[in-house]
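Please read these numbers as outputs of a predicted model, since none were measured by experiment.
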Amino acid sequence: MKKSFFFLLFVLFCIDLTALNFKPKQHLIQTDLSYAAERGFERDEYLFSLEYFADWDCAKAFTGIQNYEKVFDFTAGFIFFPPVLQIQRKKSNLALGFEGIYHLQNQKDIALEQDFIFNCHARYANKKDFSFRYLIGYGRKYTNIYALPKSVGFLVDNTVMQGLLFDKKFKNDFEFHYYVKNFNMYRYYLFDFLIHDFGCSRIFKNNVKFAGDIELKFADQFTTTPYLSGLWFKFSIGYCFRPSTKK
């Protein structure tokens, strides 16, 4: 646990220095405490994670680590909306973009998973700070099950990634979002699982951010009768580095 925590601090420090060289519009360091009730490894577990986000006008980079007794996760990724693929109107913006994600999960004494994700995004945003995104992409999962002979090697799964994301921001830096995807920051499921995320956050004048999320995971969403197979409650606190709004 201690080694993972210090490794996390080192990774975030390196990424922070790299992001500063590219002068992000704003960046955020955030810590989360979650309660998970899920079938499988996360049955009645408290999860701790630490993340870093950097935002530019047309791009976003993120990384994070989650650790608890049975599972260690590391995720890093980026989203890029090339200016040439954006249509700017008086009251709205239409854009096409790309996302790449790498995820590693080590399930203690059980298995090691690695996910490589590539998504395409279509985004609509208006002057009232409402945005809508649709994403579709490809995911490839490599799993090494320790109980199997080494000659078996990695098991490989291919899947379709999909998601709908709604965001609404208000003038007092309050934000509300609803996402429905078959993955989140640390979990990358096959196509038949969907995660519904309801969340809100606020950044205060001292740049401290508070956020809360409720996530519901449904299995067999498309094939048979859907059933609730996972539930997360997450509380987050972070600090946002952004340009001063004082005149």
**Q** Would you name the heavy atoms of K127 and R89 that are closest together and state the gap between them?
**A**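 Looking at all heavy atoms of both residues, the closest pair is CE-O, 4.4 Å.
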
**Q** Are any non-hydrogen side-chain atoms of F241 and I29 less than 4.5 angstrom apart?
**A**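 With C-beta onward as the side chain, the pair touches.
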
**Q** Between I237 and Y239, is there shared hydrophobic-cluster membership here, with clusters defined by ILVMFWY side-chain heavy atoms closer than 4.5 Å?
**A**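 I237 clusters together with Y239.
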
**Q** Under a 4.5 Å side-chain heavy-atom rule over Ile, Leu, Val, Met, Phe, Trp and Tyr, are F218 and F233 clustered together?
**A**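 Shared cluster, yes.
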
**Q** Should L112 and N106 count as side-chain neighbours, where that means a heavy-atom distance under 4.5 Å?
**A**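 Contact flag for L112/N106 side chains = yes.
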
**Q** Mind checking whether I214 and Y35 sit in one hydrophobic cluster, side chains of I, L, V, M, F, W, Y counted as touching below 4.5 Å?
**A**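 Yes, I214 connects to Y35 through the hydrophobic network.
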
**Q** In a check of ring-ring contact (aromatic ring centres under 6.0 Å, His included) between F198 and each of Y178, F176, F166, which one passes?
**A**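 Option passing the ring-ring contact (aromatic ring centres under 6.0 Å, His included) with F198: Y178.
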
**Q** When the side chains of residues 128-136 are checked against the rest of the protein, which donor-acceptor pairs come out under 3.5 Å, sequence neighbours left out?
**A**
unit_1	atom_1	unit_2	atom_2	d
R133	NH1	H121	ND1	3.4
Y134	OH	Q162	OE1	2.8

**Q** Would you say the side chain of Y124 lies within less than 4.5 Å of the side chain of N126, judging by non-hydrogen atoms?
**A**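 Yes. Closest side-chain heavy atoms under 4.5 Å.
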
**Q** Which heavy atom in R140 sits nearest to a heavy atom in N158, and how many Å separate them?
**A**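 Closest pair (atom of R140, atom of N158, distance): NH1-OD1, 2.8 Å.
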
**Q** Between L155 and I145, is any pair of side-chain heavy atoms under 4.5 Å apart?
**A**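 L155 vs I145: side chains touch.
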
**Q** Quick one: are Q105 and D73 in side-chain contact, heavy atoms under 4.5 Å?
**A**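 With C-beta onward as the side chain, the pair touches.
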
**Q** Quick check for you: to the nearest 0.5 Å, what is the distance between D115 atom CG and F183 atom CZ?
**A**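 Reported to 0.5 Å precision, the distance equals 10.5 Å.
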
**Q** Is any side-chain N of the basic residue among R202 and D173 closer than 4.0 Å to the acidic one's carboxylate O?
**A**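 No, this pair does not count.
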
**Q** Of the non-hydrogen atoms in F80 and C58, which two are nearest, and what is the gap between them?
**A**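 Reported closest heavy-atom pair: CD1-O, 3.4 Å.
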
**Q** As an exercise, state the distance from SG of C240 to CD of Q30, rounded to the nearest 0.5 Å.
**A**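 Atom-to-atom, C240:SG and Q30:CD are 10.0 Å apart.
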
**Q** At what distance, to the nearest 0.5 angstrom, does NE2 of H196 lie from CG of L228?
**A**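 The NE2 atom of H196 sits 9.5 Å away from the CG atom of L228.
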
**Q** Using distance alone, with no hydrogens and no angle criterion, decide if Y189 and R187 have a side-chain donor and acceptor under 3.5 Å apart.
**A**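 Y189 vs R187: no donor-acceptor pair found between side chains.
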
**Q** For N93, does its backbone N or O pair with a side-chain atom of Q86 as donor and acceptor, under 3.5 Å?
**A**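 No.
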
**Q** Does the side chain of H177 come under 3.5 Å of the side chain of E175 through a donor N or O and an acceptor N or O?
**A**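 There is such a pair (donor and acceptor under 3.5 Å, judged by atom type) between the side chains of H177 and E175.
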
**Q** Minimum heavy-atom separation for Y186 and I65, please, with both atom names.
**A**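 Answer, listing the atom of Y186 first, then I65: OH-N, 3.3 Å.
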
**Q** Look up atom SG in C200 and atom NZ in K168, then write down how far apart they are to the nearest 0.5 Å.
**A**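 So the gap between those two atoms works out to 15.0 Å.
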
**Q** Quick one, Y188 and T75 - any side-chain contact, counting heavy atoms below 4.5 Å?
**A**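 Yes - at least one pair of side-chain heavy atoms lies under 4.5 Å apart.
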
**Q** Do the rings of F235 and F210 sit parallel, tilted or perpendicular, given the 30° and 60° boundaries?
**A**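 Ring orientation of F235 relative to F210: tilted.
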
**Q** So L231 and L216, side-chain contact (heavy atoms from CB on, under 4.5 Å) or not? Walk me through it.
**A** CA-CA 5 Å; L231 176 65; L216 308 173; 3.0 Å; yes

**Q** Please confirm whether the ring centroid of F116 lies under 6.0 Å from the ring centroid of Y102.
**A**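 F116 vs Y102: aromatic centres under 6.0 Å.
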
**Q** Are the side chains of F98 and F118 in contact, using a 4.5 Å heavy-atom criterion?
**A**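 A side-chain contact under 4.5 Å exists here.
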
**Q** If I compare all heavy atoms of Q107 with all of Y146, which pair ends up nearest, and what's the gap?
**A**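 Of all heavy-atom pairs spanning Q107 and Y146, the closest is O-CE1, 3.9 Å.
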
**Q** So do the side chains of K181 and L165 get within less than 4.5 Å of each other, counting heavy atoms only?
**A**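 Side-chain contact under 4.5 Å: yes.
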
**Q** When rounded to the nearest 0.5 angstrom, what distance separates CD1 in I195 from NZ in K217?
**A**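 Atom-to-atom, I195:CD1 and K217:NZ are 7.0 Å apart.
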
**Q** Can you tell which of T31, D32, T63, L28 makes a side chain to side chain contact (heavy atoms under 4.5 Å, CB included) with E51?
**A**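 Going through T31, D32, T63, L28 one by one, the side chain to side chain contact (heavy atoms under 4.5 Å, CB included) with E51 is satisfied by D32 alone.
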
**Q** Measuring from atom CZ of F72 to atom CD of Q66, what distance do you get when rounded to the nearest 0.5 angstrom?
**A**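 Atom-to-atom, F72:CZ and Q66:CD are 10.5 Å apart.
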
**Q** Can you name the closest pair of heavy atoms from S34 and K234 and give their distance?
**A**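 The pair with the smallest heavy-atom distance is OG-CG, 3.2 Å.
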
**Q** Given 3.5 Å as the limit, does a donor-acceptor pair link the side chain of N182 with the main chain of V160, or not?
**A**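 Indeed, once roles are kept as given, a pair shorter than 3.5 Å links the two residues.
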
